[in-house]
Amino acid sequence: MAGPVPELDARAEACADRLREADRVLLASHIDADGLTSAAVASTALERAGISFETVFAKQLDESEVARIAATEYDTVLFTDFGSGQLDVIAPREEAGAFTPVIADHHRPADAETEYHLNPLLFGIDGASELSGAGASYVLARALEPEGGDNRDLAALAVVGAVGDMQNSDGGLRGANAEIVEEGVAAGVLEEAKDLVLYGRQTRPLPKFLEYASDVRIPGISNDANGAVQFLSDLDFDLKADGEWRRWVDLTMDERKTLVSALLRRAIASGVPADRIENLVGTTYTLTAEEAGTELRDVSEFSTLLNATARYERADVGLAVCLGNRQGALDSARKLLRNHRRNLSEGLRWVKNEGTAVEEHVQWFDAGTRIRETIVGIVAGMAVGSGGISRSKPILAFAEKSDAEVKVSARGSHVLVRKGLDLSAVMREASRAVGGDGGGHDVAAGATIPKGTEREFVAEADRLVGEQLK
Ligand code: C5P
Ligand code: C5P
Ligand code: C5P
Ligand code: ZN
């Protein structure tokens, strides 16, 4: 990528050279939308460069996972979407001669160093909002291009990864991400537009599209099935085609304009504040090579589909979908998606019903076994700012991981980050204080702690957040 940070590209070149030296590479990646797209981008680039490889996924790169990797015969390991936060575990293995790590990641690095380390945070680029794991993998993929090759088509997956990690803001993707968008547009695989930003533009029938949109609540439409249908019936166009509800993608430009203006009028009339109303329209990204009306066409829906696979131990399905090996994989992914949606909505209902315990600087809930530990962070993120759960304090969410361990997910807001919040430091320090480990980003982080230490962990996190926001 010929971006404004030549050092990042130079590091990518060094990493690419090292990978070309290897007989074969073990590619290890994280089990979420960003991790899957990272693996898809990296593996496609390795394949095109003629480097043989095998791909594995892990929920968390901890001591035992790194030991497992060290025990394989591979002497070159490419880590994508994790690795930086675990450098203190990886570096000693490298020194012991187990393998050479090449890392394309965007998480806060641990206190150790290695030569082939590609991370935006090392070059003054924000890893929480300007470049994702898939973005770092894309920068590496450009450096891996063989003579005359063109990997810019991989920008589409890199954007899915960035949006999957919530790097899309009201004004769209920024910084290094925006450059990747430009390359994807130039390569003809991406389209950027101003559009209604409600979730489900490609696949949701219009009434559900409006009813389920929860980011901006519109009285009488949001969470109101009859209200949504009534609102649509008052518009002057066909709502059904061949007896089926039409979707946002099925509407003509004029029909979309009609719907948007009616929605804005209703929002204003119902007293929705102007700054909330503005959030209804924003920058959207479309994968132009994918079929209209499918989850794969819209980056948000694509990333949710991927989370529905990888966070349920079916990363193989998500990777196959990313790589275009669709026979069977897409059907399986859709089944997993229905299950994921049900889990999200049941989890969200439970949290709203239960509420959070509010401390001086943080709020928290303990879902025990009611919410799967791999999605408790997504649920926590969706819960804040809705129902009785305030956005003004970071939220900590506990879920059981095993008989001995508890997973914690933490979510903040950009407003709090601007005031000094850094959840990756909070998760790391508070978890280490109780015998666990954690890390992540300033605005979203996680940890694993021993069962029974939750109270002590909350107290420690509360103290640390208090210090940061002082
Ligand atoms: O490993 P990791 O980068 O995957 O974690 C990303 C997680 O953090 C995602 O679940 C994403 O939704 C969350 N996140 C967030 N808000 C942000 C950035 C990330 O909730 N601004
Ligand atoms: O699952 P994922 O982390 O990709 O979800 C990202 C965002 O998409 C959620 O925070 C939520 O606002 C939205 N979403 C939704 N309906 C779903 C799944 C996700 O509105 N069924
Ligand atoms: O799992 P969750 O979506 O809450 O993860 C949020 C962030 O925290 C991710 O970036 C993840 O990689 C990081 N994390 C971590 N160590 C853990 C758990 C999560 O660094 N033990
Ligand atoms: Zn990521």
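The shown structure was predicted, so the numbers you read here are calculated from the model rather than taken from an experiment. Both backbone and side-chain heavy atoms feed into the values below; hydrogens, waters and symmetry mates do not. Numbering of ligands and ligand atoms starts at 1, following listing order.
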Does atom NZ of Lys451 have more than 12 heavy-atom neighbours from other groups under 6.0 Å away?
yes
Does any N/O atom on Gly446 come nearer than 3.5 Å to any N/O atom on ligand 3?
yes
Under 4.0 Å from a heavy atom of Asp437: give me the atoms of ligand 3 that qualify, with their elements.
21 (N)
Once the angle between the rings of His106 and His441 is folded into 0 to 90°, is it parallel (under 30°), tilted (30 to 60°) or perpendicular (over 60°)?
tilted
Give a yes or no on whether Asp81 keeps an N, O or S atom under 2.8 Å from the Zn ion (ligand 4).
yes
Hey, is there an N, O or S on Asp105 sitting under 2.8 Å from the Zn ion (ligand 4)?
no
Counting only heavy atoms, which portion of Met427 has something under 4.0 Å from ligand 3: side chain, backbone, both, or neither?
neither
Side chain, backbone, both or neither: the part of Ala447 lying under 4.0 Å from ligand 3 by heavy atom:
backbone
Under 4.0 Å from one or more heavy atoms of Gly440, ligand 3 contributes atoms 8 (O), 10 (O), 13 (C), 20 (O)
Mind checking whether His30 and Phe82 have parallel, tilted or perpendicular rings, split at 30° and 60°?
tilted
Looking at the Zn ion (ligand 4), is one of the N, O or S atoms of His30 less than 2.8 Å from it?
no
Could you check whether any side-chain N or O of Asn119 sits under 3.5 Å from a backbone N or O of His107, counting only pairs where one atom can act as donor and the other as acceptor?
yes
Give the contacting part of Ile378 toward ligand 3: side chain, backbone, both or neither, where contact means a heavy-atom distance below 4.0 Å.
neither
Name of the Asp34 N, O or S atom nearest the Zn ion (ligand 4)?
OD2
CG of Leu154 to CD of Glu145: how many Å apart, nearest 0.5 Å?
8.5 Å
If we number the atoms of ligand 3 from 1 as shown, the ones under 4.0 Å from a heavy atom of Arg411 are 2 (P), 3 (O), 4 (O), 6 (C)
Less than 3.5 Å apart, any donor N or O on the side chain of Arg48 or Asn151 sitting next to an acceptor on the other?
yes
